[in-house]
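Some notes on the structure that comes next.
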Amino acid sequence: MKDIYDKFMIFIRNEDKENALQLCLSALEEKSISVIDLYELILTPGLNSIIEEYDNDEELIWREHVRSGIIRSIIEAAYPYVLKGKSINANKEKVIVLCPEYEDHELGARMVSDFFTIAGYDSTFIGAKTPQKTILKAIEIVKPKYLCISVTNYYNLISVKKLIETIKDSIDSGISFILGGSAFISNPNTYKEIGGDLLLRNFKDIESLDRGVDKN
């Protein structure tokens with residue numbers, strides 16, 4: 001695993017999309033890595049490490065966009081392996097995965113949606129910058145058991161709190177609110193303060209959903 005990660009970091013730091021993509025797909029094809037380990041142990045740290053690599057905001061932003069684009073391509077190309085790894089118990093509940101209205105960063109949410117698919121859930125990925133009215137309509141149509149909200153920017157937690165309050169006030173559906181993302185790293189208990197039922201940290205937390213979510 002370390003060998004794959006070290007090679008990946010060389011390619012990604014050189015913005016070498018072709019070799020980064022080929023490395024990851026070859027590892028999946030040869031079964032030397034699973035989609036879960038690829039996402040959790042290679043792509044996520046590779047994406048998050050860029051903050052420490054550049055201290056100049058002007059350079060950081062465009063390089064982050066390039067790196068995100070490369071990782072997005074890898075995630076899209078890995079989808080056939082997501083389907084191959086899908087649980088045989090694929091009759092679980094529906095889940096909607098999204099980012100709140102002003103949240104630009106959606107790659108974490110996309111990986112989480114694939115995790116739900118692998119675990120056998122019927123996952124609908126909406127993506128970044130989802131307006132509140134759109135979320136309410138999606139809930140009305142999809143009727144999910146879980147609403148999974150990914151937040152990277154700490155300042156978006158206020159809008160997530162208001163969103164959860166609105167859903168609880170306007171929809172009597174018994175939805176469980178699953179929160180996750182970098183915004184909760186410094187203070188994990190924040191998810192409770194803004195109305196969440198569970199903080200999602202990794203794939204094992206999704207597997208644990210079979211035991212139920214303890215409502216606050």
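Fair warning: this is a prediction, and the values are worked out from it, not measured in the lab.
- Using a distance-only test at 3.5 Å, with no hydrogens or angles considered, no donor-acceptor pair links the side chain of Asp3 to the main chain of Asp6.
- Once rounded to the nearest 0.5 Å, the distance linking CG of Leu199 with NZ of Lys192 reads 9.5 Å.
- Between Ile71 and Ile12 there is a side-chain heavy-atom pair separated by less than 4.5 Å.
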### Task
Carefully, step by step, assess Ile42 and Asp37 under the rule side-chain contact (heavy atoms from CB on, under 4.5 Å).
CA-CA 7 Å; Ile42 306 294; Asp37 284 344; over 6 Å; no

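- Residues Val151 and Leu179 form no side-chain contact, since every pair of their non-hydrogen atoms from C-beta on lies 4.5 Å or further apart.
- The existence of a salt bridge linking Arg72 and Glu76 is excluded, since no basic side-chain nitrogen approaches an acidic carboxylate oxygen closer than 4.0 Å.
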### Query
Where do Ser26 and Glu30 land on the side-chain hydrogen bond (donor to acceptor under 3.5 Å, both in side chains) test, with the steps shown first?
CA-CA 6 Å; Ser26 295; Glu30 295 165 1; 4.9 Å; no

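- A donor-acceptor contact shorter than 3.5 Å links the side chain of Ser68 to the backbone of Glu64.
- Of the inter-residue distances, the one linking Leu98 atom CG with Phe125 atom CZ reads 9.0 Å to the nearest 0.5 angstrom.
- A salt bridge is defined here as a Lys NZ or Arg NE, NH1 or NH2 lying under 4.0 Å from an Asp or Glu carboxylate O, and Glu207 with Lys204 fails to meet this definition.
- Using a 4.5 Å heavy-atom threshold, the side chains of Tyr121 and Lys145 count as separate.
- Around atom CG of Leu83, more than 12 heavy atoms belonging to other residues, nucleotides or ligands sit under 6.0 Å away.
- Between Ile75 and Tyr39, the closest side-chain pair of non-hydrogen atoms falls below 4.5 Å.
- Aromatic rings from Phe184 and Tyr191 are positioned such that their centres are separated by 6.0 Å or more.
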### Message
side-chain contact (heavy atoms from CB on, under 4.5 Å), that's the test. Do Leu198 and Ser176 meet it? Break it down for me.
### Response
CA-CA 8 Å; Leu198 175 73; Ser176 293; over 6 Å; no

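- Using a cutoff of 4.0 Å between basic side-chain nitrogens and carboxylate oxygens, Glu15 and Arg63 are scored as salt-bridged.
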### Task
Begin from the C-alpha positions of Glu165 and Lys162 and carry the test salt bridge (Lys or Arg N to Asp or Glu O under 4.0 Å) through to its verdict.
CA-CA 5 Å; Glu165 290 173 348; Lys162 292 178 180 176; over 6 Å; no

### Query
Yes or no on side-chain contact (heavy atoms from CB on, under 4.5 Å) for Glu18 and Phe11, after CA distance, side-chain angles and deciding distance?
CA-CA 9 Å; Glu18 181 176 345; Phe11 293 143; over 6 Å; no

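- Side chain of Ser32 to backbone of Ala27: a donor-acceptor contact under 3.5 angstrom is found.
- Counting only heavy atoms from C-beta outward, the side chains of Leu43 and Leu107 never approach each other to under 4.5 Å.
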### Task
Start with the C-alpha distance between Val97 and Ser150, add both sets of side-chain angles, then the distance that settles side-chain contact (heavy atoms from CB on, under 4.5 Å), and finish with yes or no.
CA-CA 8 Å; Val97 182; Ser150 177; 5.7 Å; no

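- The shortest side-chain heavy-atom distance between Ser182 and His105 does not fall under the 4.5 Å cut-off.
- The number of heavy atoms from other shown groups lying within 6.0 Å of CG (Asp55) does not exceed 12.
- With values rounded to the nearest 0.5 angstrom, Met9 atom CE is found 3.5 Å from Ser49 atom OG.
- A donor-acceptor pair is defined here as one N or O able to donate and one able to accept, closer than 3.5 Å; no such pair exists between the side chain of Lys17 and the backbone of Ser73.
- Within a 6.0 Å radius of OH in Tyr154, other residues, nucleotides and ligands contribute 12 heavy atoms or fewer.
- A 6.0 Å sphere centred on OH of Tyr5 holds more than 12 heavy atoms belonging to other residues, nucleotides or ligands.
- Under the 4.0 Å criterion applied to side-chain N and carboxylate O atoms, Glu53 and Arg67 are assigned as salt-bridge partners.
- Panel note: side chain Gln132, backbone Glu101; no donor-acceptor pair is recorded below 3.5 Å.
- With contacts defined as side-chain heavy-atom distances shorter than 4.5 Å, the pair Leu28/Ile33 qualifies.
- Considering only heavy atoms from C-beta on, Leu200 comes within 4.5 Å of Cys148 through its side chain.
- A donor-acceptor distance shorter than 3.5 angstrom exists from the side chain of Glu40 to the backbone of Phe203, with no hydrogens or angles considered.
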